[in-house]
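Position 1 is the first residue of the sequence, and the numbers go up from there.
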Amino acid sequence: MTDTSAQGATPLVTGSEIARLAGVTRAAVSNWRRRYDDFPTPAGGGVNSPLFDLAEVQAWLGRQRKGQEVSVEVQLWQALRGAYGDDMLGGLVDVARLLTEGKAPAKLPADVTRLARELTGSGGGGAAETVSILAERFTDSVRRAGSDQVTSSRVVRAVRHFAGEAAPDATLFDPACGIGSLLLAVGPEQGPRRCGQESDANRAAFAQLRAGLTGHTGVGVVTGDSLRADRWTDLKADLVVCDPPVAEPDWGREDLLLDSRWEFGTPSRAEGELAWLQHAYAHTVPGGRVLMVLPASVAYRKAGRRIRAELVRRGIVTQVTALPSGTAASHALPVHLWHLRRPRTLGDAVTSVRMVDLTAGDPDGSLEPAPEQTADVPLIDLLDDAVDLTPGRHVEDSHRDYAVEYQALRRELTEQVRLLAELLPALVAADGVGSLDGPTVSVADLARAGLVEYGDPEPVSISDQLDTDYLQGFLRSAANTRRSTSASGTFRLDGKGARIPQTDITEQRRYGAAFRALQEFEERARRVVELSRDAATLARDGLGNGALAPEN
């Protein structure tokens, strides 16, 4: 629940929260807003994510007697669940046939028939609202089960946003349309020709019936595996949208090695997503677009590098959008939306790819990127050994202040080098006093005497008779290192058999100071190596991309 900024003001709620209050779906709340003139007007938020005054909402629900008893739509869903169990899609198809034909299919139980007609009647919003409610409840139940069986409402919203307007005479295509969520979401309801294919017969049937009940015209959904048995071989679309099945162990590569659709290269067994991408592109007209939902790993996996390079080299990829985490139905990992366009002529291809990184945003928030979330990357800069199309990488590089960052690195490196030289202790030839060839005592004996305890990971002195730096310095000596190294080559610093020279505390502290300086020297040397590597990489990148230049 979202509070307003004014102290003491009534909290604001989203449409989803209203749905939970009333025990209905978000689709039902959307229909209430359209159907009831007295429904509370938004008190905040944006066009795509309005917020409502909680007190006004509660008063309206009370007047309408909504949410005070188990709603008809909840009763219908529960009855379907009881009758169809795991075959909920079969139940949805039967209800959709009832709403379309007026006659109940033989398998449809009487109580489901009664509730569906009651929800559709004067107390509900008609067949369109009923089928929308059932589709949303099904999508939500699949999401909670952690499945990718259907496209999430957040993905649908994102694709619809980036697809923009479609011409009334456009041809729209979804080769893996599921229950029709994406195919029916883009473009106006009337006018465009919509073509879909779906491998699951129940999903295809529900998508077709859903289209008719929600007023979409010119819709044709066929059953079949689009990659193995394309039912729309001659179709060329103005816009192809697709949320393809991912991580399929076998998408049919062995049977399709010589297929003409692999214009940019034959995908490997692990790159089924790039097969779907090329299938979608093969169905576009010149100037036509593809919006494809893909896992983030497709942008950088080594197996797909050659195909990505061809897509970039030919100016086919126009944009890659990293959507907010949580957009996908079954996991919180980010997904990408790839934008492709078929050039009309050889000179019509793009010369840069727009990278948009929305991963830090709210999955229900605005999809309009801020300037710092975008970068237009020249094609040549993408065609390196990795051909990594991950937006975050390029957006971050684009907005780096190379000069400021390089100068800061250079200053720190200069200071660390100066300190490094000062830390290295001055040592002179010794007469052997304090070496392990003279009187020594084992660490085990020191522990038994109560002078040492075994810390993590090194033994430490717990007595003013023994200096810890002296102890640990000699533990790292060559002789003790050999004692603490096993036959397999594993080094264990705590070696209880290690031996320490016997000497007075004053001499221990003198040696301890030298050992401590050496330890700090080693730590600072490692930092100098890291800074040197970072500075050299930054300088090379900056000189190469024009962000840095040699000083006059």
Side-chain angles (χ1 to χ4, degrees), residues 332 360 396 400 404-539:
E396 181 181 349
R400 291 177 78 176
V404 170
E405 192 173 339
Y406 180 69
Q407 291 304 325
L409 273 175
R410 196 168 184 270
R411 282 194 300 272
E412 184 178 356
L413 180 58
T414 301
E415 178 65 12
Q416 293 287 357
V417 169
R418 182 186 67 78
L419 294 172
L420 185 66
E422 294 178 357
L423 280 172
L424 192 61
L427 303 176
V428 297
D431 57 6
V433 176
S435 74
L436 293 177
D437 295 330
T440 62
V441 61
S442 71
V443 174
D445 287 339
L446 291 171
R448 280 191 291 269
L451 304 180
V452 166
E453 68 178 18
Y454 294 100
D456 184 17
E458 303 173 350
V460 295
S461 168
I462 53 174
S463 167
D464 57 9
Q465 300 177 48
L466 179 65
D467 183 81
T468 291
D469 293 315
Y470 177 82
L471 167 68
Q472 294 179 354
F474 274 103
L475 278 173
R476 294 189 178 91
S477 68
N480 279 323
T481 298
R482 285 192 294 272
R483 289 191 181 95
S484 300
T485 303
S486 68
S488 63
T490 304
F491 175 69
R492 296 170 62 249
L493 183 61
D494 66 342
K496 296 179 181 179
R499 304 194 68 82
I500 306 300
Q502 292 177 290
T503 187
D504 63 75
I505 188 64
T506 301
E507 192 70 358
Q508 288 180 34
R509 287 171 180 160
R510 194 165 70 91
Y511 271 80
F515 283 131
R516 184 169 57 253
L518 283 173
Q519 178 70 16
E520 293 178 7
F521 175 84
E522 289 176 328
E523 291 173 359
R524 199 170 297 275
R526 285 192 289 270
R527 177 60 179 157
V528 167
V529 170
E530 293 173 2
L531 287 170
S532 300
R533 183 173 57 247
D534 292 346
T537 300
L538 183 67

Problem set entry | Trace of the side-chain contact (heavy atoms from CB on, under 4.5 Å) decision for Ser532 with Leu413 | CA-CA 7 Å; Ser532 300; Leu413 180 58; 3.7 Å; yes
For this session: Verify salt bridge (Lys or Arg N to Asp or Glu O under 4.0 Å) between Glu507 and Arg510, making sure each step is shown before the conclusion.
Result: CA-CA 5 Å; Glu507 192 70 358; Arg510 194 165 70 91; 2.6 Å; yes
For this session: May I have the step-by-step check of salt bridge (Lys or Arg N to Asp or Glu O under 4.0 Å) for Arg418 and Glu422, ending in yes or no?
Result: CA-CA 7 Å; Arg418 182 186 67 78; Glu422 294 178 357; 2.8 Å; yes
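Across Thr503 and Gln508, no two heavy atoms sit closer than the pair O-NE2, 2.9 Å. Ala514 and Pro425 get closest at one heavy-atom pair: O-CG, 4.0 Å. What you find for Leu518 and Leu424 is that their closest heavy atoms are CD2-CD1, 4.2 Å.
Checking side-chain atoms of Gln416 against main-chain N and O of Arg524 turns up no donor-acceptor pair under 3.5 Å. Not a single donor-acceptor pair under 3.5 Å links the side chain of Gln519 to the backbone N or O of Gly473. Here the side chain of Glu453 pairs no donor or acceptor atom with the backbone of Val460 at under 3.5 angstrom.
Rounding to the nearest 0.5 Å places CG of Leu538 at 11.5 Å from CG of Leu531.
The aromatic rings of Tyr470 and Phe474 lie perpendicular to each other, with more than 60° between the two planes, well past the 30° mark.
Listed by chain and number, the residues in a salt bridge (Lys or Arg N to Asp or Glu O under 4.0 Å) with Glu412 are Arg527 (sequence neighbours excluded). Every residue two or more places apart in sequence or in another chain that forms a salt bridge (Lys or Arg N to Asp or Glu O under 4.0 Å) with Arg448 is listed here: Asp445.
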